[in-house]
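Since the structure comes first, as structure tokens, the remarks are kept for the end.
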Amino acid sequence: MNYPLYEAEKETIKLLKNAISKLKYKCEIKLETPPQEDIGDFAFPCFNLAPIAKKSPNMIAKEIAKSIEKNKWVKKVETKGAYVNFFLDDKAIVSQTLKLVHDKKNQYGYLDKKNKKVIVEHTSANPNGPLHVGRARNPIIGDTIVRIFKAAGYNVESQFYLDDMGKQVAILTWGVNNLDKKNIPKSEYDKPDHQTVGFYQIASKLMKEDEKVSEELARIVKKLEEGDKKTIELVHKAYNPVLNGMKESMKHINITVDSYVPESNFVKDKSVDVVIEKLKNSKYCGEENNAFYLDLEPFGIQGRNTKFFFVRGDGTTLYATRDIAYHLWKAEQADILINVLGEDHKLESRQVEIALGIVGAKQTPHVIFYSFVSLPGGKMSTRRGLVVHLDDLIDECIKRAYKEVKKRRGAELTDAKMKEIAEIVGIGALRYNIIKVQPEKDIVFKWEEALNFEGNAAPFLQYAHARACSILAKSKDDIKNVNAEMLKHSSEIQLVKKLAKFPLVINEACNSYKPHIITTYLFNVASQFNQFYRDCPVLPEKDIETRRARLALVDATRIVLKNALEILGIAAPKEM
RNA sequence: GGGCCUGUAGCCUAGACUGGAUAGGGCGAUAGCCUCCUAAGCUAUAGAUCGCGGGUUCGAAUCCCGCCAGGUCCGCCA
């Protein structure tokens, strides 16, 4: 890795090590980042040395600072209380970072290829109706994780685990084949998922009221498990339009899933049977009325019922059983498994993990759980008509964005151009608003907040990018081989230092599975760029060397903004 | 009844895993900045018992215990 900050950090640690061993102290060396830029670039707290040295941390800090030898990266060492603060050579950081960004362009920030495969499973919604906002975090978080891991140098495959076996699709299939279209409530959307969901809703209601319907459904499920070709075909035909509608919605927000893996695969290839056999032979297995379960109490599972059933009394399998077979298969395909699941899947996921241990899987997945998006009136529910579809949200975001563009640029831009910008801005705002909040936080959906286009929101970042593009478009100066020493203003230096951090940010977001680290970083870059924009006029600058250096900085910022937005699946408009 | 997650200004949120520098931001509010590269921007002011109570520590938003509130799960559903 030849990113300047990596090297600077390594060198600083080396200096520290030398100084500490010269003083005959011993401790682990971990650098921190000071809370403000003017305090230093790296900090070393001396609290942990105090008991060893039997001196006050402040004293130790002074001792260490005195015995540090400077090198080409570290220019100045200061103490502040118990901290030894290191100041890097700004010139070296600035010139190397600018050069690197311009050399690597759309690859800047991305990490070395790791030659490792990652499978990210996300969304995996039942194909019985359109995606709604309650679970909208799933595809967006999942896709962002995919992009982060790609940027971090992994080979990534995204997978959608497709329920084509269970009761949900059976209900849909029954509805499509037995209900009259006239009795299905019309949807305002033309999309096939919206047109089909009515069959599911009515069938679902009938199932509860009518035992005959309930029995017919059980027969469908049983036939599916037996691998009855005609039934599978029927089910496939029923859910396919819904799935296509879901794909369309995801595509609209820049999400494509690499592969759709049907549950039935694992029934057909008998791998579920292997799982069942292994689980039945486990010492945790019990039997109750011909049904089989694992008792998970020894694994720390608590609650009313610690029994995890994996075979029904009639011999059919359950969703979780097939999920185990799926994960067993996945574990063979990749080096790292990541799942994005709703918090309601926590127990099931744990059950699968335990079962995977019992059957001897190579690995278990790292799971990112997200909490639901609820409405101010409570949880979203299709049944109670309390639902905001993902498509509603997308449309509303774009509509609102269009209004904003028209308000600001209506006199200058063509309608087609404004529509193009509205699309980019609306979708960007949607994705950004989901990602900027940690997945485990509860979100209550409010239109005003989801459609907020100011401050810490995607348009702020896109606007910074558009500003940068606009400056570059108006200049004819050559931005190659600039003299980086012309960048002296603190707004310029701070901006370059932010750009230098990008690779470290990707690394951290990847290692900690936290997409929101990217949004926080991006917001900081855009903020810093806006300060630079205020303090350092580029085009009006008379001195050509300074102007060229600033232009190079603008271009570097544009590249970082674009690359980081790309990781978030957000388009970077040239104007807005 | 039990498990897991969440609780930071009027609202939203970072920081918590790995304890340490005056708890960062944003929205909203108030007051300013467009003869100057797009004002979706910038500057300033006000606003915080870090849910409550204990404990550990030189030091706690962060670790431990108890409690309160919200979410979620504890199905031969998916």
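These numbers were taken from a predicted model, which means no experiment stands behind them.
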Minimum-distance nucleotide to A:Leu318 side chain [options: B:C77, B:A40, B:C4]: B:C77
Salt bridge flag under 4.0 Å for residues A:Lys498 and A:Glu37: yes
Inter-nucleotide C1' distance (B:G25, B:A9), Å rounded: 13 Å
Presence of A:Gln438 side-chain N/O under 4.0 Å of B:A14 phosphate oxygens OP1/OP2: yes
Any donor-acceptor N or O pair under 3.5 Å, side chains A:Glu225, A:Thr317: yes
side-chain contact (heavy atoms from CB on, under 4.5 Å) partner of A:Tyr370, the single match among A:Glu343, A:Arg135, A:Glu440: A:Arg135
OP1 or OP2 of B:G75 under 4.0 Å from side-chain N/O of A:Asn305: yes
B:A23 versus B:G75 - spacing of their C1' atoms, nearest Å: 45 Å
Nearest-nucleotide comparison on RNA chain B, the residue closer to the 5′ end among A:Leu539 and A:Glu508: A:Glu508
A:Arg350 vs B:C5: side-chain N/O to OP1/OP2 distance below 4.0 Å: no
Between C1' of B:A40 and CG of A:Asn433, the distance in whole Å: 14 Å
Rounded distance [0.5 Å steps], OG1 in A:Thr79 versus CE in A:Met59: 12.0 Å
Whole-Å distance separating the CD1 atom of A:Ile443 from the P atom of B:C11: 17 Å
Exercise: do A:Tyr293 and A:Glu287 side chains pair donor with acceptor under 3.5 Å: no
Contact under 4.0 Å: A:Lys30 side-chain N or O vs B:U18 OP1/OP2: no
Closest nucleotide among B:A78, B:C42, B:C37 to the A:Gln168 side chain: B:A78
Short side-chain N/O contact from A:His345 to OP1 or OP2 of B:C74, under 4.0 Å: no
Given B:C42, B:A21, B:U72, the nucleotide with the shortest approach to the side chain of A:Lys80: B:A21
Side-chain N,O (A:Asn452) to OP1/OP2 (B:C27) below 4.0 Å: no
Interatomic distance at P, B:G59 relative to B:G20, whole Å: 15 Å
Given RNA chain B, 5'-ward residue of the pair A:Lys436 and A:Arg408, judged by closest heavy atom: A:Lys436
Phosphate OP1/OP2 of B:A39: any A:Tyr463 side-chain N/O under 4.0 Å: yes
